[in-house]
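Reading through the structure tokens given below for one structure.
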Amino acid sequence: WQSMCIKLRANGSPNPAGQGCANFYSRGDLDNFEIRTNYAPTSQGIPFQEAILSSVSSGGMTINNVDWTGDISAACDSCSYQINNSSFTPTGPTAAAVIIQGEDNEVNLTDCTIQNGFQAGIHLEDCVSSTVNLMRSSILHSSVLGLYCGEGWSGEIQNVTISNQNAPGFVSNTNKTLLLNHCTIIDNEGLGIDFSGTGLIDIKNSIIWNNNLGNLSQISTEAGLIQIAYSDIQGLSDYGIEGLGTFSSLEGNIELSPQFEENDDFELETFSPCVDAGEPFNNDAYRPPGKGEPRSDMGWLGGPYLLPIGT
């Protein structure tokens, strides 16, 4: 059975009486599920309270400008998931905010916040081959891990912060290639990156710091290759890496305290060693949030894919 109740004005802003309340429950299969609003994501999304989306059987889903309180668990093959300008907070006791299963899927998630997951913030189940692209998003305060990319997943994770999980920040056992570019992985109680796959994790222009209860290993690989360039990794030359896999530390890496502003955004201080320390052939698209000269900063607020403050 399926039921949806959405209270909106014609222009997409919330209904004052209902406070924009929208409820959606699914216990069957859906095809090409889509929610679109033109409600400004700079203020808040349309709230979906206690929403549960349990099955998308074909086509995939598009979700734009939505504040989703509940769970999304989708299983299908050759589906496209387009998720933009939205926030997700699960309510199930064992749920991730977003769980994707199946083969030959494509997940594009941009400008989103995923918080307070139980199992994980985002869980991409093992498969033969699927693609993920995460951009300008935050994953925080999960009871277990932040982001899980299973076997078979490839793609790019760019300008993403993963912070304050009760276990590792990023976990993967992929046998393919994942790019972590301009990411900030920080203050997770477990490892910053826990890699058990046989593929490649390519880390560029990123900050991995103060995970695993502070001065302990930040990155682990048991079999695959982790390649690092133009990044700030705590303990990179000593205690910061562990495992039987292969580490390749390329040009431009540092291991200095990143020196953040006193806010929750992991914004670099003006004199941080990570300012203007990213790849020299890329510039920050906007300053602010970029700092210093045009050359790209390390971390999730640096590089060519930024948006202006307030966007």
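For the residue pair S137 and L109, the shortest heavy atom distance occurs at OG-CD2, 3.4 Å. Listed here is the closest heavy atom pair of C76 and Y81: SG-OH, 3.2 Å. Closest of all the heavy-atom pairs between N253 and I228 is ND2-O, 3.1 Å. Of all heavy-atom pairs spanning I63 and I72, the tightest one is CD1-CD1, 3.7 Å. I157 approaches C149 most closely through the heavy-atom pair CD1-SG, 4.5 Å. When all heavy atoms of L268 and C274 are compared, the pair lying nearest together is CD1-CB, 3.7 Å.
When atom types are taken as modelled, the side chain of D111 and the backbone of N84 share no donor-acceptor pair closer than 3.5 angstrom. Side chain of N188 to main chain of N164: a donor-acceptor pair is present (N/O by atom type, distance under 3.5 Å, no hydrogens or angles). Within the 3.5 Å criterion, the main-chain N or O of I219 finds no donor-acceptor partner in the side chain of S217. Listed for the N282 side chain is no donor-acceptor partner under 3.5 Å among the backbone atoms of G278. When atom types are taken as modelled, the side chain of W153 and the backbone of E125 share a donor-acceptor pair closer than 3.5 angstrom. Looking only at distances, no side-chain donor or acceptor of N212 sits under 3.5 Å from a matching main-chain atom of Q218. Between the side chain of S142 and the main chain of V144, no donor-acceptor pair closer than 3.5 Å is present. With S231 contributing its side chain and S206 its backbone, the two residues share a donor-acceptor pair below 3.5 Å. Of the possible donor and acceptor atoms, one in the side chain of N173 sits under 3.5 Å from a partner among the backbone N and O of E151. D297 places a side-chain N or O within donor-acceptor distance of the main-chain N or O of K291, the cut-off being under 3.5 Å.
The shortest distance between side-chain heavy atoms of I241 and L236 falls below 4.5 Å. In this structure, V171 and L191 have side chains that are not in contact, with every pair of non-hydrogen atoms separated by 4.5 Å or more. Between S143 and F118 the shortest side-chain heavy-atom distance falls below 4.5 Å. Considering only heavy atoms from C-beta on, M61 stays 4.5 Å or farther from C79 through its side chain. Side-chain contact between L134 and Q158 is absent, with no heavy atoms from C-beta onward closer than 4.5 Å. Side-chain contact check for S296 versus Y230: every heavy-atom pair is 4.5 Å or farther apart. V275 places none of its side-chain heavy atoms less than 4.5 Å from the side chain of Q259. With contacts defined as side-chain heavy-atom distances shorter than 4.5 Å, the pair S80/Q82 qualifies.
Between atom CD of residue E242 and atom CG of residue D194 there is a gap of 8.0 Å, rounded to the nearest 0.5 Å. The CD1 atom of I185 sits 11.5 Å away from the CZ atom of F266 when rounded to the nearest 0.5 Å. For the atom pair CD1 of I233 and OG of S249, the computed distance is 8.5 Å after rounding to the nearest 0.5 Å. In this structure, the separation between CG on D276 and CZ on R287 is 8.0 Å, given to the nearest 0.5 Å. The line from CD1 of I201 to CG of L179 is 9.5 Å long, rounded to the nearest 0.5 Å. Distance check: I83 CD1 to F88 CZ gives 5.0 Å after rounding to the nearest 0.5 Å.
Atom OH of Y305 sits in a sparse spot, with 12 or fewer heavy atoms from other residues, nucleotides or ligands closer than 6.0 Å. With a 6.0 Å radius and a threshold of 12 heavy atoms from other residues, nucleotides or ligands, E293 has its CD atom at or below the threshold. Atom CZ of F281 is surrounded by more than 12 heavy atoms from other residues, nucleotides or ligands within 6.0 Å.
Residues S237 and E255 have side chains that bring a donor and an acceptor to within less than 3.5 angstrom of each other. Counted by atom type alone, S163 and Q165 present zero donor-acceptor pairs between their side chains at under 3.5 Å. Checked by atom type, the side-chain pair N205/E279 shows a donor-acceptor distance below 3.5 Å. Side-chain atoms of N108 and N133 include a donor-acceptor pair closer than 3.5 Å. For the residue pair N210 and D187, a side-chain donor N or O sits within less than 3.5 Å of a side-chain acceptor on the partner.
Applying side-chain hydrogen bond (donor to acceptor under 3.5 Å, both in side chains) to S87 and the options D67, T113, N65 leaves one that passes, D67.
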TODO: For side chain to side chain contact (heavy atoms under 4.5 Å, CB included), just list the numbers for I203 and I193, CA-CA rounded to whole Å, side-chain angles, deciding distance to a tenth of an Å, and then say yes or no.
DONE: CA-CA 11 Å; I203 302 171; I193 296 175; 3.6 Å; yes

Open item on the list: Run the side chain to side chain contact (heavy atoms under 4.5 Å, CB included) test on F195 and S172 for me, step by step, so that the C-alpha distance in whole Å, both residues' side-chain angles and the decisive distance to 0.1 Å come before the verdict.
Closed with: CA-CA 5 Å; F195 181 39; S172 178; 4.2 Å; yes

Open item on the list: side chain to side chain contact (heavy atoms under 4.5 Å, CB included), that's the test. Do N64 and N85 meet it? Break it down for me.
Closed with: CA-CA 6 Å; N64 289 336; N85 297 324; 5.9 Å; no

TODO: Could you walk me through whether T177 and L200 pass side chain to side chain contact (heavy atoms under 4.5 Å, CB included), step by step?
DONE: CA-CA 5 Å; T177 297; L200 166 65; 3.9 Å; yes

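There is a path of hydrophobic side-chain contacts, each under 4.5 Å, that joins W68 to V98.
Aromatic ring orientation, Y148 versus H123: parallel (interplanar angle below 30°, classes split at 30° and 60°).
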